[in-house]
Every structure is written in C-alpha cells, then in structure tokens.
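Data first, discussion second: the structure below is written as structure tokens.
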Amino acid sequence: MRILLVEDDPDLSRQLKSALGDAGYAVDHAPDGEEAQFLGETEPYDAVILDLGLPKVDGVSVLERWRRENMAVPVLILTARGAWSEKVAGFDAGADDYLTKPFHTEELLARVRALIRRASGLASALLACGPLALDTRSGKVTLDGQPVNLTAQEFKLLSYLMHHPNELVSRTVLTEHLYAQDFERDSNTIEVFVARLRKKLPAAMIETVRGLGYRLNVPASPA
Ligand code: CA
C-alpha cells in the first residue's frame with residue numbers, strides 16, 4: 001500500500017514517514033501544496049494524509065482540485081487544534097476523515113488502515129481468503145489457524161492482493177502500489193516475491209494470468 005504524506009513540518013514529517021514505513025507502507029512525502037498536487041495527480045496512492053496548513057497551495061484547495069478531477073483516493077486531513085472551521089472546510093472539500101494535532105501515531109495508523117479497508121469495500125480488519133487470514137491490525141497471517149511467516153515484502157504483496165480479492169492485478173499496478181517514488185523499481189522483483197509467497201500458500205490461491213498479472217482467488221465459502 002502506498003501513501004502520500006503531505007506535511008510541511010520537517011520533524012512531524014520524519015516521524016510519520018518512519019512510523020508509516022515501519023507499518024509496511026511505501027511513503028512519498030510532499031512538503032507543500034504544489035508538490036502534493038503534482039504527486040497526487042501523477043502517482044496512484046492508496047491513501048493520502050493531508051495537512052491543511054501548507055506553503056504554496058493550502059490543503060483545502062489541493063483537495064478540492066483532486067475531487068473536481070474525480071480522484072477517489074481516501075484522504076485523511078490533519079487540522080490545527082481548535083480550528084473547527086478547518087474541519088468543516090476539509091470535509092466539504094472531500095475529506096474522508098480527520099485528526100486534530102497533536103495526535104498519537106497509533107491513532108493515525110488505525111485511521112489509515114480503516115480508510116484503506118473501506119476504500120476496498122472491506123468492513124472487517126481481519127481479511128479472509130478461504131483458510132488464509134490476514135489481520136491488518138497486528139500484521140499477522142494465518143493459514144488454517146497456523147501462523148505463516150512472511151518477509152516484509154511478501155506481507156506487503158499479500159496485503160495488497162487481499163485488499164483486492166478476485167481482481168486481476170497487473171505487475172505494474174503492484175509495483176506502483178508497493179514501492180515509493182524514490183525506489184528503484186523493477187517489475188521482475190514482483191515475480192520473485194509472488195513465487196516465494198506462493199510456496200507458503202495453497203497452490204491455486206494466487207493465479208497467474210498470462211501476460212496480464214495476478215489474481216487472488218477466494219474460494220467459494222461452503223454452503
Ligand atoms: Ca502545516
């Protein structure tokens with residue numbers, strides 16, 4: 001999952017970038033509204049964390065423009081304490097959720113998880129695919145109730161697929177959603193990670209659609 005973090009405070013940016021990275025997200029950072037505008041329009045994000053008080057272009061204007069362009073990405077706004085009118089302006093501009101500064105990083109992470117889940121149409125924090133379960137809160141994966149040990153890269157890949165069950169996902173899309181902008185991308189690495197992941201899961205679960213990509217097949221639940 002890839003996140004755009006728009007924040008002009010250098011200390012807070014560093015802290016959030018590191019916390020989001022530790023939580024398994026690929027993070028791009030924009031320190032002002034202009035850069036945010038550009039990145040939001042050119043890169044595919046799974047969620048955006050948008051501070052409203054920004055240099056160059058303010059957060060509400062950035063968000064209004066994105067929504068006018070029909071960008072549906074979930075957006076969590078960061079507002080200053082006591083600035084209730086900022087919240088109203090943010091929601092009117094198309095925000096999905098908000099946090100008032102200062103906040104606990106844990107709460108930000110929980111809200112981001114929920115936003116991404118809901119954007120995928122998933123109600124529960126525990127994602128299931130037949131005997132396979134992924135807990136988005138703890139980052140634990142189980143197969144028939146037994147823990148499956150995954151590397152960070154394997155987990156990111158599986159998490160993306162489990163947020164898009166039964167969907168054809170191309171290697172390009174996976175590359176774009178698993179790596180930040182400054183990462184040296186190579187779609188062959190995706191193939192390698194899929195192959196490793198497959199060895200740890202039931203054989204038919206990740207299907208290769210020749211020349212197109214992959215699909216996580218969710219078995220029909222027993223009647
Ligand atoms: Ca600010």
Side-chain angles (χ1 to χ4, degrees), residues 1-120 125 136-137 139 152 156 159-160 163 175-185:
M1 297 294 169
R2 189 168 167 202
I3 289 181
L4 175 60
L5 170 66
V6 187
E7 172 59 62
D8 57 322
D9 180 315
D11 290 337
L12 183 59
S13 299
R14 253 194 306 278
Q15 183 202 326
L16 293 182
K17 199 173 174 189
S18 135
L20 289 161
D22 290 347
Y25 298 106
V27 186
D28 290 340
H29 173 236
D32 62 62
E34 209 172 85
E35 175 94 11
Q37 195 89 66
F38 174 75
L39 284 174
E41 284 164 7
T42 48
E43 300 289 330
Y45 294 103
D46 298 292
V48 177
I49 298 164
L50 178 67
D51 182 31
L52 291 187
L54 292 171
K56 295 188 186 174
V57 183
D58 69 275
V60 168
S61 302
V62 171
L63 184 52
E64 278 174 345
R65 185 161 138 185
W66 283 343
R67 295 312 192 209
R68 265 201 310 277
E69 292 165 355
N70 284 320
M71 269 181 56
V73 64
V75 174
L76 181 147
I77 53 172
L78 304 179
T79 62
R81 182 160 46 181
W84 64 269
S85 57
E86 264 199 345
K87 271 177 230 165
V88 174
F91 276 115
D92 282 344
D96 299 280
D97 198 2
Y98 77 93
L99 264 178
T100 301
K101 292 178 178 177
F103 51 82
H104 289 280
T105 308
E106 279 309 313
E107 183 176 357
L108 176 84
L109 293 175
R111 287 180 183 273
V112 167
R113 281 196 297 274
L115 279 180
I116 291 178
R117 210 172 64 219
R118 286 203 299 268
S120 298
T136 57
R137 295 156 300 188
K156 287 181 198 182
S159 175
Y160 190 85
H163 277 83
T175 309
E176 283 176 345
H177 285 269
L178 299 189
Y179 301 114
Q181 203 194 23
D182 52 11
F183 193 87
E184 197 61 53
R185 293 176 195 182

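Both ligands and their constituent atoms are indexed starting at 1 by order of listing.
Glu41 has a carboxylate O that lies under 4.0 Å from a charged side-chain N of Arg65, or vice versa, which qualifies the two as a salt bridge.
Evaluated for a side chain to side chain contact (heavy atoms under 4.5 Å, CB included) with Val112, the options Val48, Leu99, Ile49 yield exactly one hit, Ile49. When each of Leu52, Leu50, Ile77 is checked for a side chain to side chain contact (heavy atoms under 4.5 Å, CB included) with Tyr98, only Ile77 meets the rule.
Within the protein, the number of N/O/S atoms found under 3.0 Å from the Ca ion (ligand 1) is 3.
Within 6.0 Å of atom CZ in Phe91, more than 12 heavy atoms from other residues, nucleotides or ligands are found, so the atom counts as buried in its surroundings. When the shell of 6.0 Å around CD of Glu69 is examined, it contains more than 12 heavy atoms from other residues, nucleotides or ligands.
Applying the salt bridge (charged side-chain N to carboxylate O under 4.0 Å, His left out) test to residues at least two apart or on different chains, the pairs with a partner in residues 16-29 are Arg2-Asp28.
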